[in-house]
Amino acid sequence: MQLIDVHLSADEWAQVGHHGLAELPPEAHGLLFGMLLHDLDPELYELVKRTVPADVFDMVSVAGPQEYARHLRLLQGTA
């Protein structure tokens, strides 16, 4: 994520995000955002928050980390 700030403008980053979401099945959105938000520093968290529509961010900022934690438990065999 830190390289994005150096190499992409906000508009370019938004284009990447919109393209990626369009290609991702809806059932994977929670996991994607959980992975994206995991251990993200506050500055980058705010960048993501400004990029994603508020109603969507409100949902995925809660559900995403939960989905990611569930995925990690599956990978670790502790689910």
Side-chain angles (χ1 to χ4, degrees):
M1 290 295 295
Q2 287 95 0
L3 293 176
I4 289 168
D5 226 13
V6 175
H7 296 285
L8 295 179
S9 69
D11 287 339
E12 290 169 327
W13 173 232
Q15 288 175 13
V16 169
H18 291 294
H19 176 74
L21 280 176
E23 297 297 318
L24 192 67
E27 62 272 10
H29 288 181
L31 178 58
L32 168 74
F33 276 95
M35 293 170 70
L36 179 66
L37 297 175
H38 182 74
D39 287 339
L40 197 61
D41 70 53
E43 185 178 320
L44 290 175
Y45 184 93
E46 288 302 317
L47 173 65
V48 172
K49 186 175 180 180
R50 287 191 311 268
T51 304
V52 175
D55 58 333
V56 173
F57 187 82
D58 289 345
M59 183 180 65
V60 298
S61 66
V62 174
Q66 293 171 351
E67 183 66 27
Y68 182 55
R70 197 170 16 258
H71 182 73
L72 286 177
R73 288 191 301 274
L74 272 172
L75 290 176
Q76 297 164 345
T78 58

Exercise. Please report the closest heavy-atom contact between Glu12 and His7, naming both atoms and the distance.
Key: OE1-O, 4.0 Å
Self-check item: Closest non-hydrogen atom pair, Val60 against Pro65
Solution: O-CD, 3.4 Å
Is [Y] reachable from [X] through a run of hydrophobic residues whose side-chain heavy atoms are each under 4.5 Å from the next?
{"X": "Tyr45", "Y": "Val56", "result": "yes"}
{"X": "Val52", "Y": "Leu24", "result": "yes"}
{"X": "Leu36", "Y": "Val62", "result": "no"}

Quiz item: For atom CD of Glu27, is the number of surrounding heavy atoms from other residues, nucleotides or ligands below 6.0 Å larger than 12?
Solution: yes
Self-check item: Side chains of Phe57 and Val48 in contact at under 4.5 Å (non-hydrogen atoms)
Solution: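 Result yes, sub-4.5 Å side-chain heavy-atom pair found.
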Quiz item: For the atom pair CG (Leu40) and CE (Met35), what is the distance rounded to the nearest 0.5 Å?
Solution: 13.0 Å
Quiz item: Atom CG in Asp39, atom CG in Leu44: separation rounded to 0.5 Å?
Solution: 12.0 Å
Which residues pass the side-chain contact (heavy atoms from CB on, under 4.5 Å) test with [X], not counting sequence neighbours?
{"X": "Leu21", "value": "His29, Leu32, Phe33"}
{"X": "His71", "value": "Leu31, Leu75"}
{"X": "Glu23", "value": "His19"}

